[in-house]
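The residues of the chain are indexed from 1 along the displayed sequence. We count ligands from 1, going down the list as the structure has it; atoms in each ligand are counted the same way.
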Amino acid sequence: MNNATLIKEIKHLKKDRKAIILAHYYQPPEVQDIADVVGDSYKLSVTASQTDAKTIVFCGVHFMAETAKILSPEKTVLLPAADAGCPMADTITHEQLKTYKQENPERKVICYVNSTASVKALSDVCVTSSNFERVIDHFKNDPLLYVPDKNLGSYVRRAYNLDMEVWPGFCCIHNNLTLKDVDAMRKAYPDAALIVHPEAPLSVIDEADYVGGTSGLINFAKESNHAHYIVGTEKGLLHQMKKEAPDKRFTVLSEDLKCRNMKKTDLQTVYEALRDNTHEIEVEESIMKDAKKAIDLMMELSRQ
Ligand code: SF4
């Protein structure tokens with residue numbers, strides 16, 4: 001089937017199945033364009049918790065679909081690309097965190113939403129790159145452990161002067177950014193603003209004109225006066241940036257900013273998931289209950 005036919009079929013099946021399609025900003029442009037909601041992890045979590053659709057087709061990676069299932073256990077959650085994982089989430093296991101907690105019972109665990117449900121279940125609260133300020137503010141006087149991203153963790157620890165240990169995980173896409181990339185782009189585009197996701201190394205973050213999660217990067221580009229932005233995050237975000245700020249110019253900081261797992265979803269896999277009800281996400285009951293507490297607290301603190 002060509003793309004036009006696939007889009008027609010997806011729309012038809014979606015109506016038939018009373019489904020909603022959620023897509024992360026890092027998804028391929030054609031997938032973002034057929035989604036009902038495109039957003040960051042936090043926005044998609046909130047949508048998943050509020051939708052009255054019977055089926056959620058989650059165009060993203062495994063931990064995101066798991067979060068949707070935890071927030072909407074009565075709904076069918078489908079992940080079109082069955083093997084779309086997140087290498088960052090896999091840098092910590094349930095057993096490793098359990099051992100750490102036994103050895104460090106005084107530390108509260110703050111868990112980046114980019115983690116498995118079983119790691120969330122052992123955590124006190126979840127956090128995303130768009131709401132960490134509010135969540136951290138609540139815990140700033142406690143001894144903490146942040147899992148699993150060492151870059152975002154180090155950035156937050158320094159910004160708030162926290163007593164916080166940081167798990168040595170990282171996103172293999174953002175962590176590869178270097179000062180060499182920054183120097184090359186600054187030379188090529190001296191008038192452009194450099195905006196960077198906090199999953200990048202601190203050395204790169206320190207060169208940025210603005211640091212923020214995906215929604216923050218879009219909002220900054222829309223609201224600030226620069227005409228051109230060098231963007232230090234996964235290149236899928238540029239599709240939404242160009243839509244929301246069509247009069248501005250965007251250039252990705254490095255052509256390597258492409259997440260292989262995020263690009264496993266395409267129109268064909270979305271169509272097949274809806275047609276065959278395949279790749280349904282299941283989360284064990286006890287894990288679901290404990291993980292939900294950490295996600296619910298994040299949402300509560302984000303609303304305050
Ligand atoms: S961009 Fe990084 S953190 Fe996001 S899904 Fe890909 S590997 Fe995981």
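- Classification of Lys243 and Asp33 as a salt-bridged pair holds, one side-chain N sitting under 4.0 Å from a carboxylate O.
- Closest protein heavy atom to atom 8 (Fe) of ligand 1: Cys86 SG, 2.4 Å.
- With no hydrogens or angles considered, a side-chain donor-acceptor pair links Ser224 and Tyr229 at under 3.5 Å.
- Using cut-offs of 30° and 60° on the angle between ring planes, the pair His174 and Tyr26 is tilted.
- A salt bridge links Arg186 and Asp209; the closest N-O separation between the charged side-chain nitrogens and carboxylate oxygens is under 4.0 Å.
- Assignment of Asn114 to the shell around ligand 1 is supported, since a heavy atom sits closer than 4.0 Å.
- The closest side-chain heavy-atom distance from Ser123 to Leu97 is below 4.5 Å.
- Checking Cys172 against atom 6 (Fe) of ligand 1, every N/O/S atom stays at or beyond the 2.8 Å cut-off.
- Given atom 6 (Fe) of ligand 1, the protein heavy atom at minimum distance is Cys259 SG, 2.4 Å.
- Distances below 4.0 Å separate heavy atoms of Cys171 from the following atoms of ligand 1: 1 (S), 2 (Fe), 3 (S), 7 (S).
- In this structure, Glu199 counts as a contact residue of ligand 1, since one of its heavy atoms falls inside 4.0 Å of the ligand.
- Taking every non-hydrogen atom of Pro87 and a distance limit under 4.0 Å, the qualifying atoms of ligand 1 come out as 7 (S).
- Under 4.0 Å is where a charged nitrogen must lie from a carboxylate oxygen, and between Asp290 and Lys293 at least one such pair does.
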